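Protein chains get the first letters and strands the later ones, always in sequence-line order, with residue 1 at the start of each. Just so we're clear, the structure is a prediction, and the values are computed from it rather than from any experiment.
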Amino acid sequence: MNFILSIPKNIAIAIVTLYQKTLSPDHGLFKSLYPYGYCKHYPTCSEYTKQALDKHGLVKGGFYGALRILRCNPWAESKVDPIP
Amino acid sequence: MFLGTLYHEIIYRPLLNLLIFFYNIIPGHDIGIVIVLLTILIRLLLAPSFHKSLKNQKALNDLQPKLNNLREKHKDNKETQAKAMMDLYKEHNINPLSSCLPMLIQLPVLIALYQTFRIALGNHDITGLYSFVAKPSYISPYFIHLVDLSKTAYMNGHWYVPALILGLLAGAVQYWQSRMMLPKVANTDPTARAMAMQTTYVLPLFSVFISLRLPAGLPLYWVVTTLFAVAQQYYIISKATPKLAENN
């Protein structure tokens, strides 16, 4: 039962992981072009979203992830921003 | 569904119309020149503030030893390391970090740009033009009469040399960009070194490999967009370094 219920969340996590392995400027193929890192906060938006999905499931975790990306804008100040 | 419509109406259609509009007004009606112009225009619109990058680059050159110290000091705890580095940036009123939201906004723009090139080069029936943009009866796929941009480098057992050259060029400029942007300091961390190797050699080879399988218009786009990034970086570095020497 638990396994079936966690399918949506695990698919979402797999998509974020695929992004991290390829396009992500913080974790992916272009990582070395950004020696200081890319994402404004710690942990990075993708890592934050992954952990939020794992902890809170697809709907709530996805919502936390979306809010985090909105916080990662040019006017925001860098901070350590742990998963709620 | 809603997001799909949004993408189509706000990003894809305006770009397609702009492309056809350029094709109509440019003397000679050269799709290659249109691709070059449109790519440069979009990159200029998406470019971050040059002034800010310049200021950051200068300050970072100075802060390098301090940053290395912090990296070494907190190497076992990524969180305190991140915190300490952020505090240092704040103290010096700079921030070398970008932000994810603008990147996620420009990703669909680049995908749409790629899509419009495919449509224009495939000689499909073009739909979705605005009433004031005339539909060309035919789009010639030639770039300055030299390269047929709709052809792939290797097709039906034959090599098409101009497309092959564009594909190799795409790899070459990609290599140039990596060499230029990678930090020159000898990195002792083996994982970081492996990553740098990957960016320097694997990515250019990958670009060539993909380019040879696509119509030549897309490697042309890749060459222009990478050259733009190189020029941008070159501008920032050349402006940042001499000023630094004066201050010392």
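By number of non-hydrogen pairs under 4.5 angstrom with chain A, the leading residue of B:Ala82, B:Pro96, B:Ser98 is B:Ser98. For the set B:Thr200, B:Leu107, B:Leu60, the entry with the most heavy-atom pairs within less than 4.5 Å of chain A is B:Leu60.
Contact record, A:Cys72 with B:Ser99: O-CB, 3.0 Å, taken as the closest heavy-atom pair. Smallest separation of non-hydrogen atoms from A:Tyr36 and B:Leu97: O-CD2, 3.2 Å. Looking at every heavy atom in both residues, B:Met86 comes nearest to A:Lys40 through CE-O, 3.5 Å. The minimum heavy-atom distance linking B:Leu203 with A:Leu29 is given by the pair CD1-O, 3.8 Å.
Interatomic distance, B:Met103 CE to A:Ser24 OG, rounded to the nearest 0.5 Å: 7.0 Å. Considering SG of B:Cys100 and NE2 of A:His41, their distance stands at 8.0 Å, rounded to 0.5 Å. Rounding to the nearest 0.5 Å places CG of A:Leu70 at 10.0 Å from CG of B:Leu104.
In this structure, no portion of B:Phe206 lies under 4.5 Å from any heavy atom of chain A. In this structure, the portion of A:Pro25 lying under 4.5 Å from any heavy atom of chain B is its side chain and not its backbone.
In this structure, B:Lys78 and A:Tyr42 have side chains that are in contact, with non-hydrogen atoms separated by less than 4.5 Å.
In B:Arg118, the CZ atom is not crowded: 12 or fewer heavy atoms of neighbouring residues, nucleotides or ligands sit closer than 6.0 Å.
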